[in-house]
There are 2 protein chains.
Amino acid sequence: MVQERINEFAKYIEKKGLKTTQQRNDIIRTFLKSGGHLSVDDLHQKVKKVNPRVGYATVYRTLKLLSESGVAVERHFDDGHTRYEHLEPEEHHDHLICIKCGDIIEFEDKNIESLQEKVAKKHGFRVVTHNLEMYGYCKKCNGNT
Amino acid sequence: MVQERINEFAKYIEKKGLKTTQQRNDIIRTFLKSGGHLSVDDLHQKVKKVNPRVGYATVYRTLKLLSESGVAVERHFDDGHTRYEHLEPEEHHDHLICIKCGDIIEFEDKNIESLQEKVAKKHGFRVVTHNLEMYGYCKKCNGNT
DNA sequence: TTTGAAATTGATCATTATTTTCATTTCTCA
DNA sequence: TGAGAAATGAAAATAATGATCAATTTCAAA
Ligand SMILES: [Mn+2]
Ligand SMILES: [Mn+2]
Ligand SMILES: [Zn+2]
Ligand SMILES: [Zn+2]
């Protein structure tokens with residue numbers, strides 16, 4: 001639920017002694033309303049339609065805050081643009097990324113996750129985050145160039 | 001074997017109609033002699049000890065060629081520095097990365113790999129490359145801050 | 001061995017994503 | 001409502017990487 005994410009972020013802002021502003025509200029609402037994996041530029045484009053005076057730097061700063069608060073997660077796919085998506089708490093997934101059309105498929109596989117933990121444990125390693133990305137050709141692009 | 005990698009690269013250079021040069025030789029030998037996951041800067045530092053006149057750009061260019069040839073692979077961990085390591089043909093592994101001391105543990109898990117393929121197949125996706133990275137605390141860093 | 005076209009090199013400049021600065025504006029709340 | 005703290009946006013600063021280009025090197029043909 002969008003409102004819950006907004007409240008969650010508000011709580012984080014409050015706890016850090018920061019302030020609520022119109023720009024932040026516009027950015028957060030636009031972000032939460034959007035699906036997919038947004039670059040800073042993507043989001044800035046969208047926010048400008050709502051509030052043309054929002055600056056690029058503020059989008060950067062707000063996305064950073066959203067990540068810190070747990071409302072958003074940063075993704076670093078292999079295209080040199082950090083992307084953000086919003087997740088429900090405790091939610092997690094990994095990605096299949098088409099190197100032809102750019103389509104991104106999300107998946108979650110408990111068996112893989114549990115084997116990952118097993119590997120980590122074998123090395124005495126405590127995992128905080130992980131990412132599993134597979135690059136290749138999606139179904140649609142498979143029969144082409 | 002280092003010599004085999006050198007030959008492999010020579011063959012690639014030849015096939016592309018490129019030339020053998022002292023700089024490339026120095027860079028390649030230094031790279032193959034080194035273990036670990038080297039940044040461009042790391043490698044440049046090392047090469048300069050062998051041949052001080054080697055420029056930064058040439059290290060970039062040569063690492064690119066090494067990757068194309070299959071002798072090296074590029075890694076994009078979450079620190080903004082592309083790193084390179086050399087692998088034997090057909091070799092593959094993934095990484096556990098300590099966010100405290102920076103140590104990198106390599107692992108290979110056929111079970112995980114096979115589950116990955118299964119997930120991809122389920123989505124009609126043909127995987128070309130993948131990367132699985134787990135960030136956290138290594139055994140040594142676990143009992144500290 | 002000489003030669004010259006093609007490739008390479010290194011210094012420097014260009015680019016691009018992201019961060020920082022800082023003067024100005026906006027919030028918060030006593 | 002007014003002061004102090006935080007936020008903003010425009011522009012400058014960073015930092016990794018890529019592109020340019022004149023000078024140098026390689027190599028196969030002569
Ligand atoms: Mn996703
Ligand atoms: Mn490795
Ligand atoms: Zn596709
Ligand atoms: Zn460690």
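Residue numbers begin at 1 in each chain, while the letters A, B, ... track the order of the sequences. Any value given below was found using the heavy atoms of this structure, including those in side chains, with hydrogens, waters and symmetry copies removed.
- Heavy-atom distances under 4.0 Å link DNA chain C to no residue of residues 7-16 of chain A.
- Across the protein-nucleic acid pair, B:Tyr56 atom OH and D:dA15 atom C1' stand 10 Å apart, rounded to whole Å.
- Between A:His76 and A:His81, the ring center distance fails the sub-6.0 Å criterion.
- Residues from residues 76-84 of chain A lying near DNA chain C, meaning a heavy-atom separation below 4.0 Å, are A:Gly80, A:His81, A:Thr82 in numerical order.
- Across all strands shown, A:Arg61 has heavy atoms under 4.0 Å from base atoms, whether or not it also approaches the sugar-phosphate.
- A donor-acceptor pair shorter than 3.5 Å cannot be found between the side chains of A:Ser114 and A:Asn111.
- Atom P of nucleotide C:dT8 and atom CD1 of B:Ile27 are separated by 12 Å, given to the nearest angstrom.
- Between B:Thr21 and C:dA7 there is no side-chain N or O to OP1 or OP2 distance below 4.0 Å.
- In this structure, B:Thr58 contributes its side chain and B:Val54 its backbone to no donor-acceptor pair below 3.5 Å.
- Residues forming a side-chain contact (heavy atoms from CB on, under 4.5 Å) with B:Ile99 (at least two apart in sequence, or on another chain): A:Val128, B:Tyr135, B:Tyr137.
- Comparing A:Thr20 and B:Val40 by the nucleotide of DNA chain D whose heavy atom lies nearest to each, the residue mapping closer to the 5' end is A:Thr20.
- For the OP1/OP2 pair of C:dG10 and a distance below 4.0 Å, the side-chain nitrogens and oxygens of B:Arg53 include no atom meeting the criterion.
- When B:His95, B:His93, B:Gln116 are each tested for a side-chain contact (heavy atoms from CB on, under 4.5 Å) with B:Leu132, only one passes: B:Gln116.
- No donor-acceptor pair under 3.5 Å is formed between the side chain of A:Arg75 and the backbone N or O of A:Leu38.
- The distance from atom CG of A:Asp26 to atom C1' of C:dT26 is 14 Å, rounded to the nearest whole Å.
- Counting only distance, with no hydrogens or angles, the side chain of B:Asn25 and the backbone of B:Gln22 share no donor-acceptor pair below 3.5 Å.
- Rounded to whole Å, atom P of C:dT18 lies 14 Å from atom NE2 of A:His44.
- One can place CG of B:Leu18 at 19 Å from P of D:dT25, the figure rounded to the nearest angstrom.
- Formation of a donor-acceptor pair under 3.5 Å by the A:Glu113 side chain with backbone atoms of A:Lys110 is not found in this model.
- Panel note: side chain A:Arg83, backbone A:Val40; no donor-acceptor pair is recorded below 3.5 Å.
- The 5' end of DNA chain D is approached more closely, in terms of each residue's nearest nucleotide, by B:Lys64 than by the other of B:Gln23 and B:Lys64.
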